[in-house]
Number of protein chains: 2
Amino acid sequence: MVNKEEFRKKIINTAGQIFSRYGFRKTTMDEISKALKMGKSSIYYYFPGKEEIFEAVVLNEANILRNELTKAIKSVESPLEKMRNYVFVRMKAFEKLSNYYNAIFDKNLDHFDFVETIRAKYDREELAILRLILYDGARKKVFSVANSEYTALAVQTALKGLEVPLFWKKKDVDIEERLNGILDVLFYGIVRK
Amino acid sequence: MVNKEEFRKKIINTAGQIFSRYGFRKTTMDEISKALKMGKSSIYYYFPGKEEIFEAVVLNEANILRNELTKAIKSVESPLEKMRNYVFVRMKAFEKLSNYYNAIFDKNLDHFDFVETIRAKYDREELAILRLILYDGARKKVFSVANSEYTALAVQTALKGLEVPLFWKKKDVDIEERLNGILDVLFYGIVRK
DNA sequence: AAAATATTCGAATAATTTGGTCGATTATTC
DNA sequence: GAATAATCGACCAAATTATTCGAATATTTT
(Lines give C-alpha, C1' and ligand atoms only; values in the text may rest on other atoms or scores of the structure.)
Protein backbone atom coordinates (compact mmCIF):
# COMPACT_ATOMS: atom_id res chain seq x y z
CA MET A 1 0.00 0.00 0.00
CA VAL A 2 1.24 3.44 -0.89
CA ASN A 3 0.26 5.15 2.30
CA LYS A 4 -0.23 3.60 5.68
CA GLU A 5 -2.46 6.39 6.90
CA GLU A 6 -4.62 5.93 3.82
CA PHE A 7 -5.19 2.30 4.65
CA ARG A 8 -6.08 3.14 8.22
CA LYS A 9 -8.87 5.28 6.83
CA LYS A 10 -10.06 2.40 4.72
CA ILE A 11 -10.19 0.21 7.79
CA ILE A 12 -12.10 2.88 9.67
CA ASN A 13 -14.65 3.14 6.89
CA THR A 14 -15.14 -0.56 6.44
CA ALA A 15 -15.24 -1.27 10.15
CA GLY A 16 -17.59 1.67 10.60
CA GLN A 17 -20.14 0.13 8.29
CA ILE A 18 -20.08 -3.15 10.17
CA PHE A 19 -20.09 -1.51 13.59
CA SER A 20 -23.06 0.61 12.64
CA ARG A 21 -24.94 -2.48 11.61
CA TYR A 22 -24.05 -4.88 14.38
CA GLY A 23 -22.66 -2.74 17.16
CA PHE A 24 -19.39 -3.20 18.98
CA ARG A 25 -19.89 -6.60 20.54
CA LYS A 26 -21.40 -8.42 17.62
CA THR A 27 -18.78 -7.15 15.22
CA THR A 28 -15.80 -9.48 15.03
CA MET A 29 -12.28 -8.79 13.93
CA ASP A 30 -12.69 -11.65 11.53
CA GLU A 31 -15.58 -9.91 9.79
CA ILE A 32 -13.69 -6.68 9.51
CA SER A 33 -10.67 -8.41 8.06
CA LYS A 34 -12.75 -10.46 5.65
CA ALA A 35 -14.52 -7.32 4.48
CA LEU A 36 -11.10 -5.85 3.81
CA LYS A 37 -10.00 -9.03 2.03
CA MET A 38 -7.14 -9.36 4.42
CA GLY A 39 -5.78 -11.67 7.05
CA LYS A 40 -7.09 -11.02 10.51
CA SER A 41 -3.67 -10.52 11.98
CA SER A 42 -2.77 -7.91 9.40
CA ILE A 43 -5.19 -5.45 10.95
CA TYR A 44 -3.09 -5.42 14.09
CA TYR A 45 -0.38 -3.86 12.03
CA TYR A 46 -2.55 -0.77 11.72
CA PHE A 47 -4.44 -0.77 15.01
CA PRO A 48 -3.53 -2.06 18.46
CA GLY A 49 -6.93 -3.67 18.92
CA LYS A 50 -10.64 -3.73 18.37
CA GLU A 51 -11.40 -0.98 20.83
CA GLU A 52 -8.99 1.38 19.15
CA ILE A 53 -10.64 0.77 15.80
CA PHE A 54 -13.97 1.53 17.36
CA GLU A 55 -12.63 4.68 18.90
CA ALA A 56 -11.34 5.82 15.54
CA VAL A 57 -14.69 5.03 13.96
CA VAL A 58 -16.64 7.02 16.53
CA LEU A 59 -14.26 9.92 16.23
CA ASN A 60 -14.61 9.80 12.48
CA GLU A 61 -18.38 9.71 12.72
CA ALA A 62 -18.34 12.70 15.04
CA ASN A 63 -16.31 14.63 12.51
CA ILE A 64 -18.65 13.74 9.70
CA LEU A 65 -21.55 14.91 11.79
CA ARG A 66 -19.80 18.18 12.54
CA ASN A 67 -19.27 18.79 8.85
CA GLU A 68 -22.85 18.00 7.99
CA LEU A 69 -24.06 20.36 10.66
CA THR A 70 -21.95 23.31 9.64
CA LYS A 71 -22.95 22.72 6.04
CA ALA A 72 -26.59 22.56 7.07
CA ILE A 73 -26.57 25.91 8.79
CA LYS A 74 -24.49 27.55 6.12
CA SER A 75 -26.86 26.41 3.39
CA VAL A 76 -29.60 28.79 4.53
CA GLU A 77 -29.73 32.42 5.51
CA SER A 78 -32.50 33.09 7.99
CA PRO A 79 -31.87 32.21 11.64
CA LEU A 80 -35.18 30.38 11.70
CA GLU A 81 -34.12 28.06 8.95
CA LYS A 82 -30.66 27.70 10.41
CA MET A 83 -32.14 26.51 13.66
CA ARG A 84 -34.56 24.18 11.93
CA ASN A 85 -31.86 22.71 9.72
CA TYR A 86 -29.51 22.25 12.59
CA VAL A 87 -31.87 20.27 14.82
CA PHE A 88 -33.14 18.15 11.94
CA VAL A 89 -29.74 17.16 10.67
CA ARG A 90 -28.64 16.52 14.21
CA MET A 91 -31.50 14.23 15.02
CA LYS A 92 -31.26 12.37 11.73
CA ALA A 93 -27.63 11.71 12.47
CA PHE A 94 -28.39 10.45 15.93
CA GLU A 95 -31.01 8.16 14.55
CA LYS A 96 -28.37 6.55 12.40
CA LEU A 97 -25.82 6.56 15.18
CA SER A 98 -28.12 4.92 17.68
CA ASN A 99 -26.76 1.56 16.64
CA TYR A 100 -23.33 2.48 17.84
CA TYR A 101 -24.68 3.53 21.18
CA ASN A 102 -26.93 0.57 21.60
CA ALA A 103 -23.85 -1.43 21.02
CA ILE A 104 -21.79 0.27 23.64
CA PHE A 105 -24.25 0.33 26.47
CA ASP A 106 -25.34 -3.08 25.34
CA LYS A 107 -25.51 -4.63 28.72
CA ASN A 108 -22.14 -4.61 30.32
CA LEU A 109 -21.11 -1.90 32.65
CA ASP A 110 -17.96 -0.75 30.98
CA HIS A 111 -18.84 2.38 29.09
CA PHE A 112 -15.98 3.42 26.93
CA ASP A 113 -14.41 6.49 28.41
CA PHE A 114 -13.59 8.02 25.08
CA VAL A 115 -17.23 8.14 24.08
CA GLU A 116 -17.99 10.28 27.09
CA THR A 117 -15.05 12.48 26.25
CA ILE A 118 -16.11 12.95 22.66
CA ARG A 119 -19.67 13.52 23.74
CA ALA A 120 -18.70 16.17 26.28
CA LYS A 121 -16.62 18.01 23.73
CA TYR A 122 -19.39 17.73 21.21
CA ASP A 123 -21.92 19.11 23.67
CA ARG A 124 -19.82 22.17 24.26
CA GLU A 125 -19.51 22.74 20.52
CA GLU A 126 -23.21 22.33 20.08
CA LEU A 127 -23.95 24.84 22.76
CA ALA A 128 -21.68 27.33 21.04
CA ILE A 129 -23.39 26.78 17.71
CA LEU A 130 -26.85 27.11 19.21
CA ARG A 131 -25.85 30.29 20.97
CA LEU A 132 -24.48 31.65 17.73
CA ILE A 133 -27.68 30.95 15.87
CA LEU A 134 -29.74 32.47 18.65
CA TYR A 135 -27.48 35.47 18.94
CA ASP A 136 -27.46 36.01 15.23
CA GLY A 137 -31.23 35.75 15.20
CA ALA A 138 -31.51 38.32 17.93
CA ARG A 139 -29.17 40.66 16.08
CA LYS A 140 -31.31 40.33 12.97
CA LYS A 141 -34.40 41.08 15.07
CA VAL A 142 -35.91 37.66 14.28
CA PHE A 143 -35.51 36.18 17.72
CA SER A 144 -36.08 37.79 21.03
CA VAL A 145 -33.81 36.00 23.46
CA ALA A 146 -33.32 37.21 26.98
CA ASN A 147 -30.24 35.13 27.63
CA SER A 148 -28.77 33.21 24.72
CA GLU A 149 -26.79 30.93 26.98
CA TYR A 150 -29.76 29.69 28.94
CA THR A 151 -31.92 29.44 25.85
CA ALA A 152 -29.26 27.42 24.07
CA LEU A 153 -29.12 25.12 27.04
CA ALA A 154 -32.89 24.72 26.96
CA VAL A 155 -32.80 23.73 23.30
CA GLN A 156 -30.01 21.30 23.93
CA THR A 157 -31.89 19.72 26.80
CA ALA A 158 -34.92 19.21 24.61
CA LEU A 159 -32.82 17.57 21.92
CA LYS A 160 -31.23 15.26 24.43
CA GLY A 161 -34.68 14.33 25.61
CA LEU A 162 -35.50 13.25 22.10
CA GLU A 163 -32.46 11.03 21.97
CA VAL A 164 -33.64 8.80 24.75
CA PRO A 165 -36.34 6.92 22.86
CA LEU A 166 -33.87 6.40 20.03
CA PHE A 167 -31.65 4.39 22.27
CA TRP A 168 -34.45 2.41 23.74
CA LYS A 169 -36.35 1.05 20.86
CA LYS A 170 -36.69 2.50 17.43
CA LYS A 171 -39.70 3.63 15.51
CA ASP A 172 -41.94 3.84 18.57
CA VAL A 173 -42.25 7.56 18.22
CA ASP A 174 -42.11 9.74 15.19
CA ILE A 175 -39.08 11.84 15.92
CA GLU A 176 -39.78 14.26 13.12
CA GLU A 177 -43.22 15.09 14.40
CA ARG A 178 -41.99 15.67 17.90
CA LEU A 179 -39.13 17.77 16.59
CA ASN A 180 -41.62 20.01 14.88
CA GLY A 181 -43.50 20.32 18.13
CA ILE A 182 -40.40 21.37 19.95
CA LEU A 183 -39.48 23.86 17.26
CA ASP A 184 -42.96 25.28 17.40
CA VAL A 185 -42.65 25.93 21.08
CA LEU A 186 -39.19 27.31 20.60
CA PHE A 187 -40.19 29.65 17.83
CA TYR A 188 -43.56 30.84 18.96
CA GLY A 189 -43.69 30.09 22.65
CA ILE A 190 -46.64 28.78 24.55
CA VAL A 191 -48.04 32.12 25.60
CA ARG A 192 -50.89 33.35 23.47
CA LYS A 193 -50.20 36.77 22.03
CA MET B 1 -49.07 -19.93 30.69
CA VAL B 2 -52.43 -21.06 29.45
CA ASN B 3 -51.26 -22.81 26.38
CA LYS B 4 -47.86 -24.21 25.68
CA GLU B 5 -48.29 -24.06 21.94
CA GLU B 6 -49.26 -20.43 22.24
CA PHE B 7 -46.06 -19.62 24.02
CA ARG B 8 -44.03 -21.44 21.41
CA LYS B 9 -45.51 -19.06 18.86
CA LYS B 10 -44.52 -16.13 21.00
CA ILE B 11 -40.97 -17.42 21.12
CA ILE B 12 -40.97 -17.89 17.36
CA ASN B 13 -42.13 -14.34 16.82
CA THR B 14 -39.72 -12.75 19.23
CA ALA B 15 -36.80 -14.85 18.09
CA GLY B 16 -37.78 -14.17 14.50
CA GLN B 17 -37.37 -10.46 14.95
CA ILE B 18 -33.93 -10.87 16.43
CA PHE B 19 -32.84 -13.44 13.88
CA SER B 20 -33.95 -11.20 11.05
CA ARG B 21 -31.84 -8.39 12.42
CA TYR B 22 -28.71 -10.23 13.43
CA GLY B 23 -28.83 -13.55 11.67
CA PHE B 24 -28.43 -16.96 13.17
CA ARG B 25 -24.93 -16.75 14.52
CA LYS B 26 -25.05 -13.32 16.03
CA THR B 27 -28.31 -14.00 17.79
CA THR B 28 -27.78 -15.45 21.25
CA MET B 29 -30.14 -17.48 23.38
CA ASP B 30 -29.57 -14.90 26.06
CA GLU B 31 -30.95 -12.16 23.87
CA ILE B 32 -33.98 -14.18 22.94
CA SER B 33 -34.70 -15.02 26.56
CA LYS B 34 -34.18 -11.44 27.70
CA ALA B 35 -36.55 -10.22 25.01
CA LEU B 36 -39.08 -12.69 26.36
CA LYS B 37 -38.39 -11.58 29.91
CA MET B 38 -37.56 -15.09 30.85
CA GLY B 39 -34.70 -17.17 32.16
CA LYS B 40 -32.45 -18.51 29.47
CA SER B 41 -32.91 -22.09 30.52
CA SER B 42 -36.69 -21.82 30.38
CA ILE B 43 -36.61 -21.67 26.61
CA TYR B 44 -35.31 -25.20 26.52
CA TYR B 45 -38.59 -26.28 27.96
CA TYR B 46 -40.22 -25.25 24.69
CA PHE B 47 -37.49 -25.97 22.17
CA PRO B 48 -34.67 -28.50 22.14
CA GLY B 49 -32.17 -25.90 21.02
CA LYS B 50 -31.28 -22.82 19.06
CA GLU B 51 -31.33 -24.53 15.70
CA GLU B 52 -34.83 -25.81 16.25
CA ILE B 53 -36.04 -22.33 17.10
CA PHE B 54 -34.45 -21.08 13.93
CA GLU B 55 -36.06 -23.84 11.94
CA ALA B 56 -39.47 -22.93 13.35
CA VAL B 57 -38.82 -19.29 12.54
CA VAL B 58 -37.89 -19.98 8.95
CA LEU B 59 -40.88 -22.26 8.52
CA ASN B 60 -43.09 -19.58 9.98
CA GLU B 61 -41.63 -16.97 7.68
CA ALA B 62 -42.22 -19.21 4.70
CA ASN B 63 -45.87 -19.56 5.66
CA ILE B 64 -46.27 -15.84 6.07
CA LEU B 65 -44.77 -15.32 2.65
CA ARG B 66 -47.13 -17.88 1.16
CA ASN B 67 -50.11 -16.05 2.63
CA GLU B 68 -48.92 -12.70 1.41
CA LEU B 69 -48.45 -14.08 -2.06
CA THR B 70 -51.85 -15.68 -2.36
CA LYS B 71 -53.41 -12.51 -1.03
CA ALA B 72 -51.43 -10.47 -3.53
CA ILE B 73 -52.66 -12.40 -6.53
CA LYS B 74 -56.21 -12.59 -5.25
CA SER B 75 -56.38 -8.85 -4.74
CA VAL B 76 -56.38 -8.16 -8.44
CA GLU B 77 -58.22 -9.57 -11.41
CA SER B 78 -56.19 -9.30 -14.57
CA PRO B 79 -53.47 -11.88 -15.14
CA LEU B 80 -51.08 -9.09 -15.94
CA GLU B 81 -51.56 -7.52 -12.55
CA LYS B 82 -51.53 -10.88 -10.84
CA MET B 83 -48.15 -11.61 -12.32
CA ARG B 84 -46.82 -8.18 -11.48
CA ASN B 85 -48.09 -8.35 -7.93
CA TYR B 86 -46.70 -11.79 -7.42
CA VAL B 87 -43.15 -11.04 -8.44
CA PHE B 88 -43.07 -7.75 -6.55
CA VAL B 89 -44.32 -9.17 -3.30
CA ARG B 90 -42.01 -12.08 -3.70
CA MET B 91 -38.93 -9.96 -4.22
CA LYS B 92 -39.81 -7.58 -1.42
CA ALA B 93 -40.11 -10.53 0.91
CA PHE B 94 -36.77 -11.90 -0.18
CA GLU B 95 -35.19 -8.54 0.37
CA LYS B 96 -36.31 -8.70 3.97
CA LEU B 97 -35.40 -12.33 4.31
CA SER B 98 -31.91 -11.87 2.97
CA ASN B 99 -30.71 -11.34 6.51
CA TYR B 100 -31.70 -14.83 7.48
CA TYR B 101 -29.85 -16.25 4.54
CA ASN B 102 -26.77 -14.15 4.97
CA ALA B 103 -26.78 -15.49 8.45
CA ILE B 104 -26.98 -19.10 7.47
CA PHE B 105 -24.42 -19.15 4.74
CA ASP B 106 -22.39 -16.80 6.85
CA LYS B 107 -19.13 -18.48 6.34
CA ASN B 108 -19.22 -21.95 7.72
CA LEU B 109 -19.91 -24.88 5.54
CA ASP B 110 -22.84 -26.34 7.38
CA HIS B 111 -25.91 -25.23 5.51
CA PHE B 112 -28.96 -26.18 7.42
CA ASP B 113 -30.63 -29.04 5.64
CA PHE B 114 -34.11 -27.91 6.50
CA VAL B 115 -33.62 -24.65 4.65
CA GLU B 116 -32.94 -26.56 1.48
CA THR B 117 -35.96 -28.71 2.10
CA ILE B 118 -38.24 -25.75 2.67
CA ARG B 119 -36.78 -24.00 -0.30
CA ALA B 120 -37.32 -26.98 -2.58
CA LYS B 121 -40.91 -27.31 -1.50
CA TYR B 122 -41.42 -23.60 -1.92
CA ASP B 123 -39.95 -23.69 -5.41
CA ARG B 124 -42.43 -26.34 -6.47
CA GLU B 125 -45.29 -24.30 -5.09
CA GLU B 126 -44.08 -21.23 -6.84
CA LEU B 127 -43.86 -23.02 -10.13
CA ALA B 128 -47.45 -24.17 -9.71
CA ILE B 129 -48.63 -20.65 -8.96
CA LEU B 130 -46.76 -19.19 -11.89
CA ARG B 131 -48.18 -21.82 -14.19
CA LEU B 132 -51.63 -21.07 -12.90
CA ILE B 133 -51.28 -17.36 -13.56
CA LEU B 134 -49.90 -18.02 -17.01
CA TYR B 135 -52.54 -20.58 -17.81
CA ASP B 136 -55.30 -18.34 -16.57
CA GLY B 137 -53.88 -15.51 -18.64
CA ALA B 138 -53.84 -17.69 -21.71
CA ARG B 139 -57.42 -18.74 -21.08
CA LYS B 140 -58.45 -15.13 -20.84
CA LYS B 141 -56.61 -14.42 -24.09
CA VAL B 142 -54.25 -12.00 -22.36
CA PHE B 143 -51.16 -14.13 -22.60
CA SER B 144 -49.99 -16.24 -25.42
CA VAL B 145 -47.96 -19.00 -23.92
CA ALA B 146 -46.72 -21.94 -25.90
CA ASN B 147 -45.88 -24.07 -22.91
CA SER B 148 -46.88 -22.79 -19.48
CA GLU B 149 -44.48 -25.12 -17.70
CA TYR B 150 -41.41 -23.94 -19.51
CA THR B 151 -42.49 -20.32 -19.34
CA ALA B 152 -43.10 -20.62 -15.61
CA LEU B 153 -39.63 -22.07 -15.23
CA ALA B 154 -38.19 -19.20 -17.22
CA VAL B 155 -39.85 -16.67 -14.95
CA GLN B 156 -38.65 -18.51 -11.87
CA THR B 157 -35.11 -18.60 -13.18
CA ALA B 158 -35.17 -14.87 -13.74
CA LEU B 159 -36.44 -14.27 -10.22
CA LYS B 160 -33.74 -16.46 -8.76
CA GLY B 161 -31.22 -14.50 -10.73
CA LEU B 162 -32.43 -11.38 -8.99
CA GLU B 163 -31.96 -12.98 -5.61
CA VAL B 164 -28.26 -13.39 -6.00
CA PRO B 165 -27.23 -9.75 -5.55
CA LEU B 166 -29.49 -9.61 -2.52
CA PHE B 167 -27.42 -12.20 -0.76
CA TRP B 168 -24.18 -10.63 -1.76
CA LYS B 169 -24.41 -7.06 -0.78
CA LYS B 170 -27.45 -4.94 -0.53
CA LYS B 171 -28.43 -1.79 -2.30
CA ASP B 172 -25.90 -2.27 -5.06
CA VAL B 173 -28.64 -2.66 -7.62
CA ASP B 174 -32.12 -1.32 -7.70
CA ILE B 175 -34.17 -4.47 -7.58
CA GLU B 176 -37.37 -2.73 -8.46
CA GLU B 177 -36.01 -1.28 -11.63
CA ARG B 178 -34.62 -4.59 -12.76
CA LEU B 179 -37.87 -6.30 -11.89
CA ASN B 180 -39.68 -3.92 -14.18
CA GLY B 181 -37.19 -4.73 -16.88
CA ILE B 182 -37.83 -8.41 -16.51
CA LEU B 183 -41.58 -7.95 -16.48
CA ASP B 184 -41.32 -5.84 -19.59
CA VAL B 185 -39.54 -8.60 -21.42
CA LEU B 186 -41.95 -11.14 -20.05
CA PHE B 187 -45.01 -9.19 -21.07
CA TYR B 188 -44.02 -7.77 -24.37
CA GLY B 189 -41.13 -9.88 -25.50
CA ILE B 190 -38.03 -8.67 -27.18
CA VAL B 191 -39.22 -9.10 -30.72
CA ARG B 192 -40.49 -5.98 -32.34
CA LYS B 193 -44.04 -6.32 -33.60
C1' DA C 1 -54.21 -30.12 51.27
C1' DA C 2 -51.31 -33.50 49.45
C1' DA C 3 -49.63 -35.39 45.47
C1' DA C 4 -48.63 -34.96 40.81
C1' DT C 5 -47.49 -32.18 37.09
C1' DA C 6 -46.04 -28.15 34.68
C1' DT C 7 -43.02 -24.29 34.38
C1' DT C 8 -39.24 -21.34 35.66
C1' DC C 9 -34.82 -20.50 37.19
C1' DG C 10 -29.70 -20.01 38.52
C1' DA C 11 -25.60 -22.17 38.68
C1' DA C 12 -22.44 -25.17 36.46
C1' DT C 13 -20.46 -27.08 32.32
C1' DA C 14 -18.95 -28.14 27.86
C1' DA C 15 -18.25 -26.48 23.41
C1' DT C 16 -17.36 -22.71 20.48
C1' DT C 17 -15.92 -18.21 19.35
C1' DT C 18 -12.91 -14.66 19.24
C1' DG C 19 -9.41 -11.05 20.30
C1' DG C 20 -4.88 -11.01 20.21
C1' DT C 21 0.25 -12.94 19.70
C1' DC C 22 4.21 -14.66 17.22
C1' DG C 23 7.36 -16.25 14.05
C1' DA C 24 7.58 -17.08 9.40
C1' DT C 25 6.85 -15.49 4.73
C1' DT C 26 6.31 -12.40 1.03
C1' DA C 27 6.55 -7.83 -1.01
C1' DT C 28 8.86 -3.32 -1.25
C1' DT C 29 12.48 -0.11 -0.62
C1' DC C 30 17.04 1.18 -0.12
C1' DG D 1 20.87 -8.25 -1.66
C1' DA D 2 20.30 -6.43 2.85
C1' DA D 3 16.88 -3.89 5.38
C1' DT D 4 12.33 -2.67 6.06
C1' DA D 5 7.35 -2.90 5.47
C1' DA D 6 3.34 -5.57 5.19
C1' DT D 7 0.76 -9.87 5.19
C1' DC D 8 -0.32 -14.15 6.80
C1' DG D 9 -1.66 -18.70 9.16
C1' DA D 10 -1.28 -21.23 13.13
C1' DC D 11 -1.88 -20.94 17.74
C1' DC D 12 -3.58 -19.66 22.45
C1' DA D 13 -5.86 -17.81 26.40
C1' DA D 14 -9.83 -15.55 27.61
C1' DA D 15 -14.46 -14.74 26.91
C1' DT D 16 -18.83 -15.97 25.18
C1' DT D 17 -22.41 -18.98 24.62
C1' DA D 18 -25.42 -23.08 24.05
C1' DT D 19 -26.99 -26.52 26.78
C1' DT D 20 -27.68 -29.42 31.03
C1' DC D 21 -29.41 -30.30 35.52
C1' DG D 22 -31.36 -30.29 39.85
C1' DA D 23 -33.82 -27.50 42.64
C1' DA D 24 -37.46 -24.09 43.38
C1' DT D 25 -41.95 -22.33 42.38
C1' DA D 26 -46.38 -22.33 40.39
C1' DT D 27 -50.45 -24.86 38.75
C1' DT D 28 -53.49 -28.66 38.36
C1' DT D 29 -55.34 -32.90 39.79
C1' DT D 30 -56.67 -36.12 43.11
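Chain letters run A, B, ... following the sequence lines, proteins first, then strands; residues in each count from 1.
Residue A/Lys40 places no side-chain atom within donor-acceptor reach of the base of D/dG9, judged by atom type and a 3.5 Å distance cut-off alone.
Among D/dT7, C/dT8, C/dT18, the nucleotide with an atom closest to any side-chain atom of A/Thr28 is C/dT18. Here the nucleotide nearest the side chain of B/Tyr45, chosen from D/dC8, D/dA18, C/dA6, is C/dA6. If you check C/dG20, D/dG9, D/dT19 against the side chain of A/Tyr44, the one that comes closest is C/dG20. Here the nucleotide nearest the side chain of A/Arg25, chosen from D/dT17, D/dA18, C/dT7, is D/dT17.
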Hey, can you pull the donor-acceptor pairs under 3.5 Å for the side chains in residues 151-158 of chain A, sequence neighbours left out?
unit_1   : atom_1 : unit_2   : atom_2 : d
A/Thr151 : OG1    : A/Asn147 : O      : 2.9
A/Gln156 : NE2    : A/Asp123 : O      : 3.1
A/Gln156 : NE2    : A/Glu126 : OE1    : 3.0
A/Thr157 : OG1    : A/Leu153 : O      : 2.7

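To the nearest angstrom, P of C/dG10 lies 15 Å from NZ of B/Lys37. Between the OH atom of B/Tyr22 and the P atom of D/dT17 there is a distance of 13 Å, rounded to whole Å. The nearest whole Å value for the distance from the CG atom in A/Asn3 to the P atom in C/dT28 is 15 Å. Put simply, CE on B/Met38 is 6 Å from P on C/dC9, counting in whole angstrom units. The CD-C1' distance, from B/Glu5 to C/dA6, rounds to 15 Å in whole Å. In this structure, the CE atom of A/Met29 is 18 Å from the P atom of D/dA14, given to the nearest Å. If you take CD1 of B/Ile53 and C1' of D/dA18, they are 10 Å apart, rounded to a whole angstrom. Look at NZ on B/Lys50: it is 13 Å from C1' on C/dA15, rounded to the nearest Å.
If you check every strand for non-hydrogen atoms under 4.0 Å, B/Thr27 touches sugar and phosphate atoms only.
Between B/Lys26 and B/Glu31 there is no salt bridge, since no side-chain nitrogen of the basic residue lies less than 4.0 Å from a carboxylate oxygen of the acidic one. Salt bridge absent: B/Lys71 and B/Glu68 never bring a charged side-chain N and a carboxylate O closer than 4.0 Å.
Side-chain contact between A/Ser78 and A/Val142: absent, with no pair of heavy atoms (C-beta onward) separated by less than 4.5 Å. In this structure the side chain of B/Ile12 reaches within 4.5 angstrom of the side chain of B/Phe47, judged on heavy atoms.
Within the 4.0 Å cut-off from OP1 or OP2 of D/dT7, not a single side-chain nitrogen or oxygen of A/Ser41 is found.
Base pairing of C/dC30 is made with D/dG1, judged by Watson-Crick or G-U wobble geometry with both donor-acceptor distances under 3.5 Å.
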